[in-house]
Amino acid sequence: QVQLVESGGGLVQAGNSLRLSCAASGTFFSINSMGWYRQAPGKQRELVATISRTGNTDYSDSVKGRFTISRDNAKNTVYLQMDSLKPEDTAVYYCKCNTRIRLLSPPNDYWGQGTQVTVSS
């Protein structure tokens, strides 16, 4: 029904930048909110940033001022621009989309497969 493909992860030095992308494909009526989460080894998955269909954004305190989330509704794609990266940003980053398959169907969350971001000191 909905497939999410993430890209853009990698290994960078502290202070540098990366840009993640997540493209949604498949058959669906609409995408509501889109977001990025991350999970570091031995830790629970945590919210990084979310963006509504109309562009309202929310960030975790740990990334506020350094990360920027955006989306292109025409391309069904969400982005995460990560600047001033720190070693503690190292994690697997997952995108999530809240999607309505049909007009009258309830919205459901779909997750990407994750992309590794490693920040060296």
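As the structure is a prediction and not an experimental result, all values here were calculated from the model.
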Visitor: Taking 4.0 angstrom as the limit, do D61 and K64 come out as a salt bridge?
Guide: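 Here D61 pairs with K64 in a salt bridge, since their nearest N and O are under 4.0 Å apart.
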Visitor: Going by distance alone, is a donor N or O of one side chain under 3.5 Å from an acceptor N or O of the other, for T118 and Q116?
Guide: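 Yes - a donor-acceptor pair under 3.5 Å links their side chains.
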Visitor: Within this structure, what is the OG1-CG distance for the pair T115 and L18, rounded to the nearest 0.5 Å?
Guide: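 One gets 9.0 Å once the value is rounded to the nearest 0.5 Å.
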Visitor: How long is the straight-line distance from CG of N108 back to CD1 of I101, given to the nearest 0.5 Å?
Guide: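 Rounded to the nearest 0.5 Å, the CD1-CG separation comes out at 7.0 Å.
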Visitor: If you apply the rule side-chain contact (heavy atoms from CB on, under 4.5 Å), what do you find for W36 with F67, and how did you get there?
Guide: CA-CA 11 Å; W36 289 95; F67 291 10; over 6 Å; no
Visitor: Less than 3.5 Å apart, any donor N or O on the side chain of K96 or Y110 sitting next to an acceptor on the other?
Guide: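 Checked: K96/Y110 side chains show no N/O donor-acceptor pair below 3.5 Å.
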Visitor: Test M82 against every option in I69, V117, D89 by the side chain to side chain contact (heavy atoms under 4.5 Å, CB included) rule and name the one that passes.
Guide: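 The single option meeting the side chain to side chain contact (heavy atoms under 4.5 Å, CB included) with M82 is V117.
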Visitor: Does NZ or CZ of R100 come closer than 6.0 Å to the centre of the six-membered ring of F28, within 45° of the ring's axis?
Guide: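 Output no; distance or angle outside limits.
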Visitor: For the OG atom of S30 and the CZ atom of R53, what is their distance to the nearest 0.5 Å?
Guide: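 The CZ atom of R53 is 6.0 Å from OG of S30, to the nearest 0.5 Å.
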Visitor: Considering all heavy atoms of both residues, which atom of L4 and which atom of C22 are nearest to each other, and what is their separation?
Guide: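 Shortest heavy-atom separation between L4 and C22 comes out as CB-SG, 3.9 Å.
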Visitor: Does E6 reach the main-chain N or O of C95 with its side chain, forming a donor-acceptor pair under 3.5 Å?
Guide: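 Looks like yes, one N/O pair under 3.5 Å.
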Visitor: About how many Å separate OG of S52 and CZ of R71, when rounded to the nearest 0.5 Å?
Guide: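 Rounded to the nearest 0.5 Å, the CZ-OG separation comes to 7.0 Å.
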Visitor: Answer with yes or no whether the side chains of Y93 and R38 bring together a donor and an acceptor at under 3.5 Å.
Guide: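 There is such a pair (donor and acceptor under 3.5 Å, judged by atom type) between the side chains of R38 and Y93.
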Visitor: Could you check L85 against N16 for side-chain contact (heavy atoms from CB on, under 4.5 Å), going step by step and ending with a plain yes or no?
Guide: CA-CA 6 Å; L85 282 161; N16 285 349; 5.5 Å; no
Visitor: Answer yes or no: are there more than 12 heavy-atom neighbours, outside K43 itself, under 6.0 Å from its atom NZ?
Guide: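 Check fails, neighbour count at 12 or below.
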Visitor: Please confirm whether the backbone N or O of V119 pairs with a side-chain atom of T90, one donor and one acceptor, at under 3.5 Å?
Guide: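 Flag set: sc T90 to bb V119 pair under 3.5 Å.
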Visitor: Roughly how far, to the nearest 0.5 Å, is CE of M34 from CG of L80?
Guide: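 CE of M34 is found 12.0 Å from CG of L80.
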Visitor: Going by distance alone, is a donor N or O of one side chain under 3.5 Å from an acceptor N or O of the other, for S17 and D83?
Guide: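 Judged by distance alone, the side chains do pair up.
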